[in-house]
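Remarks on the structure that follows.
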Protein chains: 2
Amino acid sequence: MNLKQLSEMLGLSQTTVSRALNGYPEVNEATRERVLQAVQETGYRPNKAAQRLATGKAGSIGLVMPTAPGHYSDVHFGEFLTGLGEEAVRHDFHFVIMPSDPDDEVAALRRLAISGNVDALFVAYMRGHDPRLPLLKSLSMPFLVHGRSFCTEPDYPYLDIDNEGAFYDATRLLLQLGHTRFGLLNGPEHLDFAIRRRNGVVSALGERGLTLPEDCISHMSMTDEHGQFAMERFLQLPERPTAILCSSTVLALGAIRAVTQAGLKLGEDISLIAHDDVLPHLKPENFSVPLTTTRSSLRAAGVRIAQRLIGTVKRDGPFPEQELWKTELIVRASTGAAPR
Amino acid sequence: MNLKQLSEMLGLSQTTVSRALNGYPEVNEATRERVLQAVQETGYRPNKAAQRLATGKAGSIGLVMPTAPGHYSDVHFGEFLTGLGEEAVRHDFHFVIMPSDPDDEVAALRRLAISGNVDALFVAYMRGHDPRLPLLKSLSMPFLVHGRSFCTEPDYPYLDIDNEGAFYDATRLLLQLGHTRFGLLNGPEHLDFAIRRRNGVVSALGERGLTLPEDCISHMSMTDEHGQFAMERFLQLPERPTAILCSSTVLALGAIRAVTQAGLKLGEDISLIAHDDVLPHLKPENFSVPLTTTRSSLRAAGVRIAQRLIGTVKRDGPFPEQELWKTELIVRASTGAAPR
DNA sequence: CCAAAATTCCAAAGCGCTTTGACAACAGAC
DNA sequence: GTCTGTTGTCAAAGCGCTTTGGAATTTTGG
């Protein structure tokens, strides 16, 4: 069933039917009713490809998903996508996901953009000096960045959380509890959020004249296995840290395993604060020792990003170009006074 | 840059350029070279919407993603998608993801199908008597089902794992270890895999004249929180089970927490076997007591499904219509002889 | 009652691509 | 020198939709 058939069926021209469907005013209400009725009955749906060709728009936002045989999927990706979707479904938008080798993301992004398949682009997992940014800026297509890119002038639309502030505050809390030896279990070194979180820690320590030794920093992709491994290394240090900052609850899962297996008690021998993206399957309050966290919902960020992106495409704006969300510091049982 | 401009630039007709690009034989090799050269230089990419309109194909597979404010994202979804993507990227295919309210999935699937945006469809999270199946069959568009639908004649293309066999074997192992009181931590009751796994357990128990009491079965969405909660209930039973079958390592995470908090030892007081989808961030060998599991890689299933789907669209087939993968039973430390 | 304005509808062009059918140009066969 | 067969190219139609400019019809105002 296409427009032509539908209009013939109704004895109207394609123009009129199209207008009736798209809410143009110059069509009789009675006629519009009749058209809508027929659409109901026949189940007619306009062909999106044709619509896109004609209008240049088709209600889709594009993103590239890194994937390769050795490449780990990321729990956070799914959670974020769910947030995007939650908003998209309200506007009848869909996603076009272009899978890409992680080494080829820039090219994949360009292909996606000029494929004419999407109205707007979304990127995340920003790095310092991110090479996708110049591309995006040159593209004359709406885009939105989740996170920021260190060492790049922030003249692009983004939504980010205050990573530096979060880890600064967390470190301060631990300092107040008397801790002096710190360890940082962080995400991959090149990622922007990891850089900023590290800066937050270093800066809070600096105010007290403390430093974060190189061997007390661990950068890794965020799986529980890596968390455990890195924590084991920390624990074997001659002057082992008593306070741990941790970039994800997934990492914390492994780290705590290492603590427990070493016969140490969380919240007493070792204090730990993790960043909580509010993953539904891994709640900090459910850990055997409930976790003190810096919290910011990844999913909520997804919803907001979809809102802004879709709003821009539909020209519902204006939206603020840049948003920086504060995180909440939630104290639970995994933090305690420094052991003496 | 579009075809017309490119062809004018080259002094050729659109036809010739198009043919050169799409590998048709009736074009001079020298001309083809010249065209390819120009494409390199200009970065020309055909407009996918136009291509789709003209050919009816555009290299995309469609899927619907359930999402709603209260709806949990599922870790398994991301992992599976990564597998799909791993194969798709090799064929320059992309995904069109239609977010949908979970109550509206059938309609969303129909919209996606007749939107003319996709070449093939994929569905998962099958239920008994799944209402999407009749729709898919009526659609005359290639599709593939991950899982099966209980109570529906299996006359549709699917890829599934042998859930019943997996849990049958796991139960047998526990029986051999002398266990007689069983508990089942299962996925949502209406889902096909949950039904089959339950059947596997019941059938193995039945052979020994044993039953699975209603209060030793728990159906829930698979988060660690639910796992913990359900396990706590099991442990309070007057005749508490000593052997636990568990539909996911995520559930197991919570269940084990309950076991530990009750002061019981996994592998001694309580034996547990979980199904392992090979999630990279949650490895059974890393649990404080390594987990005995039935294993089948979700990601590998994704790769295979993409292979079949893309192959069908490209007419590379034929592929077997139905595949049933065996799972591996891997014995680790969480299973031991029944306590006396 | 008639001209002007408003309303309702339509024919046709165009979006960027693929594909059909045809046409030159050139070779070799008789 | 004509006839057939290749080879390389092109013009034009068509995919299903939106949108422009204009035509037909109805309503309004003097």
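Residue numbers begin at 1 in each chain, while the letters A, B, ... track the order of the sequences.
Here the C1' atom of nucleotide dT18(D) and the CG atom of N2(A) are 14 Å apart, to the nearest Å. Distance, N28(B) CG to dA27(C) P: 14 Å, rounded to whole Å. A straight line from CD of E33(A) to P of dT8(C) spans 14 Å, rounded to a whole angstrom. Rounded to a whole Å, the CG atom of L21(B) is 7 Å from the P atom of dT18(C). Between the P atom of dC15(D) and the CG atom of L3(B) lies a distance of 19 Å, rounded to the nearest Å. Between K4(B) atom NZ and dA11(D) atom P the separation is 12 Å, expressed in whole Å. Counting to the nearest Å, the P atom of dG16(C) and the CG atom of N117(A) are 14 Å from each other. With rounding to whole Å, Q5(B) atom CD is found 13 Å from dC15(C) atom C1'.
The aromatic ring centres of F80(A) and H146(A) sit less than 6.0 Å apart. Ring centroids of Y158(B) and F143(B) are separated by 6.0 Å or more, keeping the two rings apart.
Residues E26(B) and A49(A) each lie close to DNA chain D; by heavy-atom proximity, the contact nearer the 5' end of the strand is made by E26(B). For the pair P25(B) and A50(B), nearest-nucleotide mapping onto DNA chain D gives the more 5' position to P25(B).
The side chain of Q51(A) sits closest to dT18(D) out of dT18(C), dC10(C), dT18(D). For Q14(B), whose side chain is taken as the heavy atoms from C-beta onward, the closest listed nucleotide among dC17(C), dT19(C), dT9(D) is dC17(C). Comparing atom distances between the T16(A) side chain and each of dC17(D), dC10(C), dT20(C) picks out dC10(C) as nearest. For P46(B), the listed nucleotide lying nearest its side chain is dC17(C); candidates were dT19(D), dG16(D), dC17(C). When the nucleotides dT19(C), dG16(C), dT9(D) are ranked by their closest atom to the side chain of L53(B), dG16(C) comes out on top. Distance from the side chain of R19(A) is smallest for dT20(D) among the nucleotides dT20(D), dC17(D), dT19(C).
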>> Working note: S7(B) + Q14(B), criterion side chain to side chain donor-acceptor pair (under 3.5 Å); need CA distance, chi angles, decisive distance, verdict.
In response: CA-CA 5 Å; S7(B) 60; Q14(B) 297 189 36; 5.0 Å; no

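Between the side chain of R52(A) and the main chain of G59(A), no donor-acceptor pair closer than 3.5 Å is present.
The shortest distance between the side-chain N/O atoms of S13(A) and the OP1/OP2 oxygens of dA11(C) is not below 4.0 Å. Checking the phosphate oxygens (OP1, OP2) of dT9(D), no side-chain nitrogen or oxygen of Y24(B) falls inside 4.0 Å. Contact annotation: T31(A) reaches the phosphate of dC9(C) (side-chain N/O to OP1 or OP2, under 4.0 Å). At the phosphate of dG16(C), neither OP1 nor OP2 sits under 4.0 Å from any side-chain N or O atom of N47(B).
Within 6.0 Å of CZ in R32(A) there are more than 12 heavy atoms belonging to other residues, nucleotides or ligands.
S18(B) comes within contact range of at least one nucleobase, with a heavy-atom separation under 4.0 Å.
If you check distances only, the side chain of T15(A) never reaches the base of dT20(D) with a donor-acceptor pair under 3.5 Å.
Each of E323(A), E87(A), E86(A) was scored for a salt bridge (charged side-chain N to carboxylate O under 4.0 Å, His left out) with R304(A), with one residue passing: E323(A).
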